[in-house]
2 protein chains.
Amino acid sequence: MAGVIGVKSLELFLLPLKPLANGIKMTDQLYKNINNKVKISEEDFKEFLSLTKTITVKKNEFFINEGSTAKYIAFINTGVLYSYTINNKGDKHVMQIALENHWISDLFSFLTNEPSLFNVQAIETSEIILLSKENFEKACNTIPAFERFFRLLIQNAYVSSQRRISRIYGNSAEERYLKLIKTHPKIIQSVPQLYIASYLGIKPQSLSRIRKNLYDK
Amino acid sequence: MAGVIGVKSLELFLLPLKPLANGIKMTDQLYKNINNKVKISEEDFKEFLSLTKTITVKKNEFFINEGSTAKYIAFINTGVLYSYTINNKGDKHVMQIALENHWISDLFSFLTNEPSLFNVQAIETSEIILLSKENFEKACNTIPAFERFFRLLIQNAYVSSQRRISRIYGNSAEERYLKLIKTHPKIIQSVPQLYIASYLGIKPQSLSRIRKNLYDK
DNA sequence: TTAATTAGTTAACCTAGGTGAATGTGTAAC
DNA sequence: GTTACACATTCACCTAGGTTAACTAATTAA
């Protein structure tokens, strides 16, 4: 499969996890992210944290490989990851771009243990907090707020994919591009344009042209 | 909102539910549909059935109105329903077409009690089995197999919307049309072409042209 | 530091699908 | 019945985005 050659899978890098330099600040971001959706006590959060491990994914390293089961769900502390499929014609399609303070995984594979349909890869070296399937279930069973949180996460993933279909059908590529950079301005600096183009469903040349038209105006 | 005028909402028709003529056969289909995913005992199924009510939705009647909360999830015994949004430009986009032996609702609204983003309407007079939110929760709490079944239903809805995005990005309208009628041949007889076109993300004229090209070959 | 890749831009040309308008067809309403 | 309206087809023309290819940055590897 094109692109996979020469890049080691994350699995190899999982065990040697190093303690964080700025541990407090980073988990703070995760705490806010969760607390934004469900109210959790600090004790519950600490218990949850003990179930996670924080690792560094190097640029272009794989977090999930298409065909293997997604064993983790990840919260991005710093950095950017993206997920994509390669269809039977050999075209790559970016499905998700996940910036700092967002979650990423192949949720379906993670939940069902079925082989993943996506590759998930780091766009830049990123620090991510991992929750394994096993500990995910532990957290859901022992901390009711987390069960609720993850249910919301899944629901939101579903809704945003529905919204994306509506956007594809109802808006031109230019409109979708403008919407994207308006809601996620950081994406321009941190994500190569060819991935943004793919996410929007167009070719890199077309995105170039669209940008030219926009800035000529 | 265009299309809504003169068509009564389902809510008005909910109470006078009539007993089914061919009750046994119909619930049989539902039993198979559930049992296909999770193994349930006949007693559990009967308990589940007692939580549902079967009604008739007349042609063009609304099952869910955009903006109001989806109070029910429906299993289609006979007939066809479809869901759609109307975006801010006034364009209608068909999001789901649900034939006999399928489930339909606005899952997000149903699960969260948020206002629905979709209209769900009967394409032809249909006989549907309804489960209310209240009884959905009862079923999930008292019958573990049902909790599992509905979790699977939600997961599948999510995956199929992801797959749809891949299909839109990687295939031409003609390819998507061929794929659709191959997997759901019944759709041609029971769904007006303009809805099929909208579901595929193209205009009715374009679908006509595509069909012409196909059958000229 | 340089060679080799990978990413981005531009331009000429092509094509799938959109648009608008005319025409036909089936079916519901009176 | 016939009037009306919603659906389908066809055609001529238009346009957003694809394709190919040449050229220029940027990165990365050696």
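Every chain is numbered from 1 and lettered A, B, ... according to where its sequence line falls, protein lines coming before strand lines. Side chains are part of it too, since the values below use all heavy atoms of this structure and drop only hydrogens, waters and symmetry mates. A quick note: this is a predicted structure, and the numbers were derived from the prediction, not measured.
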Length of the line joining [X]:[atom1] and [N]:[atom2], which is rounded to integer Å:
X: A:Tyr169; N: D:dG17; atom1: OH; atom2: P; result: 15 Å
X: A:Lys203; N: C:dA7; atom1: NZ; atom2: P; result: 15 Å
X: A:Leu207; N: D:dG17; atom1: CG; atom2: P; result: 11 Å
X: A:Leu194; N: C:dG8; atom1: CG; atom2: P; result: 5 Å
X: A:Lys92; N: C:dA7; atom1: NZ; atom2: C1'; result: 12 Å
X: A:Leu214; N: C:dT9; atom1: CG; atom2: P; result: 12 Å
X: A:Glu124; N: D:dT27; atom1: CD; atom2: P; result: 13 Å
X: A:Arg211; N: C:dT9; atom1: CZ; atom2: C1'; result: 10 Å

Between [options], which nucleotide gets closest to the side-chain atoms of [X]?
X: B:Ile202; options: D:dG18, C:dG17, D:dA8; value: C:dG17
X: A:Tyr195; options: C:dA7, C:dA28, D:dT20; value: C:dA7
X: B:Gln193; options: D:dT9, D:dT19, C:dG17; value: D:dT9
X: A:Lys212; options: C:dG17, D:dC11, C:dT10; value: C:dT10
X: A:Ala173; options: C:dA21, D:dG17, C:dA7; value: D:dG17
X: A:Arg209; options: D:dA21, D:dT10, C:dC13; value: C:dC13

Would you find more than 12 non-hydrogen atoms of other residues, nucleotides or ligands less than 6.0 Å from A:Glu134 atom CD? no

Is the A:Phe136 to A:Phe110 ring centre distance short of 6.0 Å?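 Between A:Phe136 and A:Phe110, the centre distance is under 6.0 Å.
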
Validation row: A:Leu153, A:Ile73 side chains within 4.5 angstrom (heavy atoms):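 Sidechains of A:Ile73 and A:Leu153: in contact.
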
Which class fits the ring pair B:Phe48 and B:Phe45: parallel under 30°, tilted 30 to 60°, perpendicular over 60°?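 Aromatic pair B:Phe48/B:Phe45 classed tilted.
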
Between B:Glu175 and B:Lys179, is there a salt bridge with N-O shorter than 4.0 Å?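 Answer for the salt bridge query: no.
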
When all nucleic acid strands are considered with a 4.0 Å heavy-atom cut-off, which category describes B:Pro192: base, sugar-phosphate, or nothing?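 B:Pro192: backbone/sugar contact only, no base atoms under 4.0 Å.
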
Have a look at A:Ser208 and say if it touches a base, only the backbone sugar-phosphate, or nothing, with a 4.0 Å heavy-atom cut-off.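 Base contact.
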
